[in-house]
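Atom set for the values below is all heavy atoms of this structure, side chains included, hydrogens, waters and symmetry mates excluded. Just so you know, residue 1 is the first one in the sequence shown, and it goes up from there.
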Amino acid sequence: MKNLMFLIIFAFTLGNTFQVVAQKKSDPVAFYKSSMDCMDCEKKLFEHLRFERGVKDLKVDHVSNTIKIVYAEKRTNEEALKKAVEKKGYVADKITDEEYLKLVETAVSRPQNNGHKH
């Protein structure tokens, strides 16, 4: 009987632990529309931003001119990330996740321009 009671308490505790982990707040995501216009611009921004303090995940796309950054809230913020993009000479206009998705969808449906505009 003691073993059964122990197993029930153990299972209950384990179940609550998983529930707390699953409820953990996800990392914030910042979305920007940028002024990059070629693959070299994309690479340059990616290489710069991936080492920026607090950046956990990153997607830079020259076709849609967008940047998506998952970051650690305790280590950086949206303004610091915007300044990091601008430091490399590009525009970083904050956009919503809906605007980001629309820009990416539109870019996928149009032909790519691999030429550099500068």
Side-chain angles (χ1 to χ4, degrees):
M1 187 60 129
K2 288 181 183 179
N3 287 342
L4 180 60
M5 186 59 101
F6 174 76
L7 286 174
I8 291 171
I9 292 172
F10 178 75
F12 180 75
T13 305
L14 188 62
N16 283 341
T17 302
F18 285 132
Q19 191 174 21
V20 169
V21 170
Q23 290 177 351
K24 184 181 176 191
K25 184 179 159 190
S26 61
D27 293 317
V29 182
F31 301 95
Y32 300 97
K33 177 144 177 55
S34 185
S35 58
M36 69 185 131
D37 57 18
C38 70
M39 184 62 85
D40 287 338
C41 297
E42 179 181 315
K43 286 179 184 177
K44 183 179 180 182
L45 264 176
F46 181 84
E47 289 301 318
H48 175 69
L49 292 172
R50 74 184 187 132
F51 293 112
E52 192 66 26
R53 182 175 184 236
V55 171
K56 293 180 133 190
D57 194 19
L58 175 65
K59 177 154 178 49
V60 180
D61 180 41
H62 77 281
V63 178
S64 63
N65 294 326
T66 57
I67 304 168
K68 175 183 176 181
I69 306 172
V70 179
Y71 62 96
E73 206 167 20
K74 292 181 180 181
R75 302 199 64 204
T76 192
N77 58 52
E78 289 183 2
E79 188 59 33
L81 296 170
K82 176 182 169 80
K83 287 180 182 176
V85 173
E86 292 172 343
K87 182 179 178 182
K88 286 310 238 180
Y90 299 97
V91 171
D93 292 328
K94 176 81 174 105
I95 58 174
T96 66
D97 57 339
E98 291 88 10
E99 291 170 313
Y100 171 81
L101 290 173
K102 188 173 182 177
L103 287 167
V104 171
E105 273 182 28
T106 303
V108 169
S109 65
R110 70 176 181 229
Q112 290 187 17
N113 177 8
N114 293 326
H116 202 291
K117 294 179 187 174
H118 314 192

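- How far CD of Glu47 is from NZ of Lys88: 10.0 Å, rounded to the nearest 0.5 Å.
- The main-chain N or O of Cys41 is never found under 3.5 Å from a side-chain atom of His62 such that the two would form a donor-acceptor pair.
- In this structure, NZ on Lys56 lies 10.5 Å from CD on Glu73, to the nearest 0.5 angstrom.
- Under the side chain to side chain contact (heavy atoms under 4.5 Å, CB included) test applied with Leu58, the options Leu45, Leu49, Leu81 reduce to a single match, Leu49.
- Using a 4.5 Å heavy-atom cutoff, the side chains of Thr66 and Glu99 are not in contact.
- Summarising the geometry, atom NZ belonging to Lys102 is positioned 14.0 Å from atom OG belonging to Ser64; distances are rounded to the nearest 0.5 Å.
- Ion pairing of Glu78 with Lys94 is present here, as a side-chain N (NZ or NE/NH1/NH2) and a carboxylate O approach within less than 4.0 Å.
- For the side chain to side chain contact (heavy atoms under 4.5 Å, CB included) with Glu42, the qualifying choice from Asp37, Val63, Ile67, Val60 is Val60, the only one to do so.
- Looking only at distances, a side-chain donor or acceptor of Ser34 sits under 3.5 Å from a matching main-chain atom of Val91.
- In this structure a side-chain-to-backbone donor-acceptor pair under 3.5 Å is present from Arg53 to Arg75.
- A donor-acceptor distance shorter than 3.5 angstrom exists from the side chain of Lys82 to the backbone of Ala92, with no hydrogens or angles considered.
- Using a 4.5 Å heavy-atom cutoff, the side chains of Ile69 and Tyr32 are in contact.
- Taking NZ of Lys33 as the start and CD1 of Ile95 as the end, the distance is 7.5 Å to the nearest 0.5 Å.
- Counting heavy atoms from C-beta on, the side chains of Tyr100 and Val29 never come closer than 4.5 Å.
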